[in-house]
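Notes follow the structure.
Residues: numbered from 1 along the sequence shown. None of these values were measured; they are calculated from a predicted model.
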Amino acid sequence: MLHIRSKIIRYMIAITFVIVVLSMIISMIILVLSARKNAREDAQSVFTQIERVLEDNDYELAYNIAAYRKTCISNAHSIAYMLQYNPDVMDDVKELKRIAEMTEVNEIHIFDTSGTIIKGTNPEYYGMSVNSGDQIGFFKQMLDDKNLELVQDITPNTAEEKLMQYSAVWSSDKSFILQIGMEPKNITRLMEENSLSNVFAMLNTGVGIGLFAIDHNDGTIKGSTDRNITGKNISDIGPGIDDIRTDDEGFNATISGKDSFCIFKRIGDIRVGYVVSNDRLYMNIGQNLLILGISILFVSAILVISVTAYINHYVIDSIDEINGDLTEITSGNLQKEVEVKGSQEFEELSSHINEVIQGILATTDKMSFVLNRTNMRIGVYEYNINMKNVRFTDYVPDILGLNYKKLTELTSDYKKFQEFIDEIKKYPFESEESIYIMNGIDTRYIKLEEVKQANDTFGVLIDMTSEIEKRLLAETDRDIDSLTGLLNRRGINGTLDKLFEDTDSLGYGAVIMADADYLKEVNDKYGHSAGDEYLKAIGESLSSFGSRSNMSGRLGGDEYIMFLYGYMTESELMDDLNRLSGLQDGGTLTLDNGETVNISFSIGYSLSSGQKDYHILMRNADEKMYKNKRNRKTMR
C-alpha cells in the first residue's frame with residue numbers, strides 16, 4: 001500500500017502541466033488591473049502603520065518619562081537612606097561620586113533644612129539655595145511640606161547647559177533633603193528615534209517608493225525616506241501644497257524629476273504621502289507578463305482545488321475520523337477503539353493509539369501495586385462523565401467500608417459514586433482540613449481530596465482514624481479537669497481564645513467567676529473526700545446552667561469560671577444571671593455517711609458585649625465575685 005506522500009506526488013505530476021499554463025494567463029490579467037488598486041491598498045496599509053507607530057511612540061515616550069521619574073525618586077530614596085545611616089560619607093566627595101556612579105546618577109546635592117546646598121558631588125554648587133534661581137527654586141515647596149517627593153521636568157542644567165532631570169526627597173528622619181540629577185539619555189535618544197524620518201526608515205517600502213510628511217499649512221517637508229530633502233518645501237521637488245489632494249483615489253505628479261503615482265492622507269497637522277514611481281508601479285507590464293500572470297493564477301486555482309480534493313479524500317476524511325475517536329477518548333471514554341484504514345500510516349496510528357489507551361487503563365493496577373507496598377492506607381479513584389465506570393485502587397473499598405455488593409453498585413455508575421462522596425463531605429472534621437467523619441458501626445476519619453479537570457475527577461483517600469483517635473484522646477486528657485470533668489485552665493484558655501476570635505457571633509454573654517464557700521469547713525468536718533464531692537457538685541450546678549450556650553471550667557482549687565453566650569437580648573441574659581444568683585445557696589449534697597451539706601458559692605459577672613479581650617472580663621468578674629463573697633459573709 002502506497003504512502004500518502006507518494007499518492008500526492010503522482011497525482012500532482014499528472015495535473016501540474018495543464019494547471020500552470022492556464023493559471024499564468026489569469027494571474028497576469030489580475031496584475032495589470034490591480035496595479036493601482038494594490039498601490040492604494042499598500043498606501044492605506046502604510047498610513048495605518050504610520051498612525052499606529054506615531055501613537056505607540058507617543059505612548060512609549062510618555063511611559064518612559066513616567067518610568068524615569070519613578071526611577072529618579074527611587075534612586076533619591078536609596079541614596080538618602082545610605083547617607084542617613086552612614087553620615088560620614090556626606091563629607092567625602094570622592095565616595096559620593098562613587099555612590100553616584102554606582103546608582104547611575106550624575107549629581108548628588110545635600111540640602112540642609114533651610115534649603116541650602118551644604119554637601120554633594122559638586123562643590124561648586126555649595127552655598128546655592130532654593131532661592132538662587134527658578135530652576136532650583138522649583139524645590140522650595142519641600143521646605144513647607146516634608147512629605148513631598150519632587151521630580152523636575154527635563155531641563156537644561158543652568159551651569160552646563162546639558163539636559164538633566166532633577167529629583168529630591170527628604171531623608172526619613174527629615175534632617176536633610178537629598179537631590180539627585182540624572183541625564184535622561186534614554187529619553188532624548190527615544191525622542192530622536194521617534195522622529196518622522198526614523199519612523200519612515202523603519203517601514204520597508206522598497207525601491208521606487210517614497211514616504212513624505214508635509215506640514216499642512218506651509219508645505220515644509222518634516223520627514224522623508226530621502227533624508228536629503230527633509231526641511232525643504234514640497235514645491236521645491238514637486239507640486240505645491242495646494243495641488244496635493246488627500247482623497248483615496250490618488251493622483252499623478254512629478255516628484256524629484258520622476259513621474260509618480262501619489263496617495264496622501266492628513267494625519268493631524270501633517271499630510272503623509274505614499275509616492276510610487278511609474279517605473280515601479282508598471283514594471284515588466286506587457287503582453288507576455290499579462291499572459292504569464294493569468295496563467296499562474298489559473299494554475300494556482302486549479303492546483304488548489306485539485307490538491308484539496310485529493311487530500312480531502314485520502315487524508316482529511318481519515319483525520320476527521322481519528323479526531324472524532326480521539327475527542328470521545330479525551331472526553332473520558334477509554335473503552336473506545338480506533339480503527340481508521342485507507343493508508344499504512346493511519347493503520348499504524350490507530351494501533352498506537354489503542355496501545356496507549358490500554359496503557360492508561362493499566363495505570364490503576366500499577367498504582368494499586370505501588371500503594372499496597374507502603375505502610376499507609378491510601379486509596380485512589382478516578383471517573384469521567386463520559387465513561388460510566390469508576391476506576392479505583394485496592395484500598396478504596398476498605399477505607400470507605402464498602403462490601404462487594406455496595407462497591408459494585410457505586411463504581412458501576414459514577415453518578416452514584418459522586419453522590420456517595422458528596423454525602424461524606426457533609427460531615428467535615430472541624431479541626432482538620434479535608435478530613436471527614438464517617439459514622440457507622442465504627443466511626444472513621446477519612447482524608448479526602450479531589451481534583452477536577454474538565455470532565456475528569458481524581459480523588460485520594462487516606463484512612464486517618466487511628467491518628468485522629470489518638471490525638472482526640474490526648475487533647476481530651478490535656479484540657480479536662482480530672483476531679484470535676486470540667487475544662488481545666490488550659491482548656492478554658494483554648495476554648496475562650498477560639499470563641500473570642502469572632503465576638504460578633506457570640507451575641508449577648510457574660511463571664512461569671514465563682515468560688516466555693518465553706519470548703520475548708522467541709523474538709524475539716526467531713527474530710528477531703530467530702531470536699532472533693534462538694535467541689536464536684538458545684539461544678540455540676542454550673543455546667544448544667546443556662547438557657548443558651550455554656551462553657552464551664554475549674555481554674556483550680558475552689559475557683560470556677562462560666563461563660564454564658566448566644567443570648568438574643570440583654571434582658572434574656574439578665575434573667576438567667578438573676579436566676580443564677582438565686583442558686584447560690586439553693587443546693588444540697590448528701591454525703592456517703594448520709595449527712596446533708598448545703599452547697600454555697602459566691603459569684604461575680606461581667607457582660608461581654610463589645611469586649612474582645614476575655615482576660616479583662618475575667619478580672620472584672622473576679623473583683624465582683626470577691627465583693628459578693630465579702631457581702632455574703634457580712635450578711636451571715
Side-chain angles (χ1 to χ4, degrees), residues 481 483-489 491-493 495-496 499-500 503 506-523 525-526 530-591 595-636:
D481 176 56
L483 174 64
T484 62
L486 302 178
L487 293 173
N488 59 21
R489 186 178 292 274
I492 292 167
N493 289 332
T495 302
L496 289 176
L499 288 174
F500 276 80
T503 55
L506 296 177
Y508 289 90
V511 172
I512 300 102
M513 301 295 289
D515 189 85
D517 296 331
Y518 311 119
L519 176 63
K520 184 176 184 305
E521 289 83 346
V522 173
N523 284 333
K525 185 174 182 179
Y526 301 107
D532 290 345
E533 293 299 319
Y534 188 76
L535 292 174
K536 289 168 63 177
I538 293 175
E540 290 174 358
S541 298
L542 295 176
S543 63
S544 61
F545 180 79
S547 58
R548 296 290 182 177
S549 299
N550 178 327
M551 183 227 74
S552 300
R554 182 186 177 205
L555 292 168
D558 55 358
E559 294 183 345
Y560 299 85
I561 184 173
M562 178 168 59
F563 178 42
L564 299 178
Y565 62 97
Y567 289 83
M568 302 300 294
T569 65
E570 185 174 338
S571 175
E572 181 186 12
L573 172 63
M574 293 304 301
D575 288 343
D576 268 4
L577 291 175
N578 292 333
R579 189 163 58 86
L580 177 64
S581 298
L583 296 178
Q584 287 183 258
D585 298 305
T588 58
L589 169 67
T590 302
L591 303 177
E595 292 193 50
T596 299
V597 177
N598 291 327
I599 298 175
S600 178
F601 55 89
S602 300
I603 63 170
Y605 64 82
S606 182
L607 300 182
S608 65
S609 178
Q611 178 58 255
K612 298 183 180 297
D613 188 347
Y614 66 85
H615 297 93
I616 296 176
L617 297 174
M618 290 174 63
R619 287 195 297 271
N620 293 339
D622 199 49
E623 291 175 2
K624 293 180 181 179
M625 183 272 293
Y626 279 109
K627 183 177 180 180
N628 180 251
K629 184 179 284 289
R630 288 193 299 270
N631 292 339
R632 285 161 55 81
K633 285 183 178 180
T634 301
M635 293 175 62
R636 295 190 183 97

Qualifying residues under salt bridge (Lys or Arg N to Asp or Glu O under 4.0 Å), relative to Asp515, sequence neighbours excluded: Lys629

Those residues that, when tested against Glu521, pass side-chain hydrogen bond (donor to acceptor under 3.5 Å, both in side chains) (two or more places apart): none

Reported CD1-to-CG distance for the pair Ile512 and Leu577, which is rounded to 0.5 angstrom: 5.5 Å

Non-hydrogen atoms of Leu591 and Ala530 that approach each other most closely: CD2-CB, 3.9 Å

Non-hydrogen atoms of Gln611 and Thr503 that approach each other most closely: O-CG2, 4.0 Å

Contact summary for Gln584 and Phe601, nearest pair of heavy atoms: NE2-O, 3.0 Å

Contact check, side chains of Met562 and Tyr605, non-hydrogen atoms, under 4.5 Å: no

Donor-acceptor contact present, side-chain Asn631 to main-chain Lys627, <3.5 Å: yes

Heavy-atom pair of closest approach, residues Ser602 and Met625: O-CG, 3.6 Å

Set of salt bridge (Lys or Arg N to Asp or Glu O under 4.0 Å) partners for Lys525, sequence neighbours left out: none

Any pair counted as side chain to side chain donor-acceptor pair (under 3.5 Å), so long as it reaches residues 543-555, sequence neighbours left out: Asp481-Arg554, Ser547-Asp576, Arg548-Glu572, Asn550-Ser552

Identify all side-chain donor-acceptor contacts of residues 533-541 below 3.5 Å with residues at least two apart in sequence or on another chain.
residue	atom	partner	partner atom	Å
Tyr534	OH	Asp517	O	2.7
Tyr534	OH	Ser600	N	3.0
Tyr534	OH	Ser600	O	3.1
Ser541	OG	Ala537	O	3.1

Ser606 to Asn620 - nearest heavy-atom pair and separation: OG-CB, 3.8 Å

Counterpart residues, ring-ring contact (aromatic ring centres under 6.0 Å, His included), relative to Tyr614 (two or more places apart): Phe500

side-chain contact (heavy atoms from CB on, under 4.5 Å) evaluation trace for Leu580 with Ile603: CA-CA 9 Å; Leu580 177 64; Ile603 63 170; 4.0 Å; yes

Gap separating the CE atom of Met551 from the CD1 atom of Ile561, nearest 0.5 angstrom: 5.0 Å

Atom pair CE/CD of Met574 and Glu570 - distance to nearest 0.5 Å: 7.0 Å

Pair Asp532-Thr484, side-chain contact (heavy atoms from CB on, under 4.5 Å): steps then yes or no: CA-CA 9 Å; Asp532 290 345; Thr484 62; over 6 Å; no

Minimum-distance pair of heavy atoms, taken over all atoms of Phe563 and Ser608: CE1-OG, 3.9 Å

Check: Leu589 and Thr596 side chains under 4.5 Å, non-hydrogen atoms: no

Stepwise side-chain contact (heavy atoms from CB on, under 4.5 Å) test for Tyr626 and Met513: CA-CA 9 Å; Tyr626 279 109; Met513 301 295 289; over 6 Å; no

Spacing of Ile616 atom CD1 and Met618 atom CE [to the nearest 0.5 Å]: 12.0 Å

Step-by-step side-chain contact (heavy atoms from CB on, under 4.5 Å) determination, Val597 to Thr588: CA-CA 6 Å; Val597 177; Thr588 58; over 6 Å; no

Spacing of CG belonging to Leu573 relative to CG belonging to Leu607, to within rounding of 0.5 Å: 6.0 Å

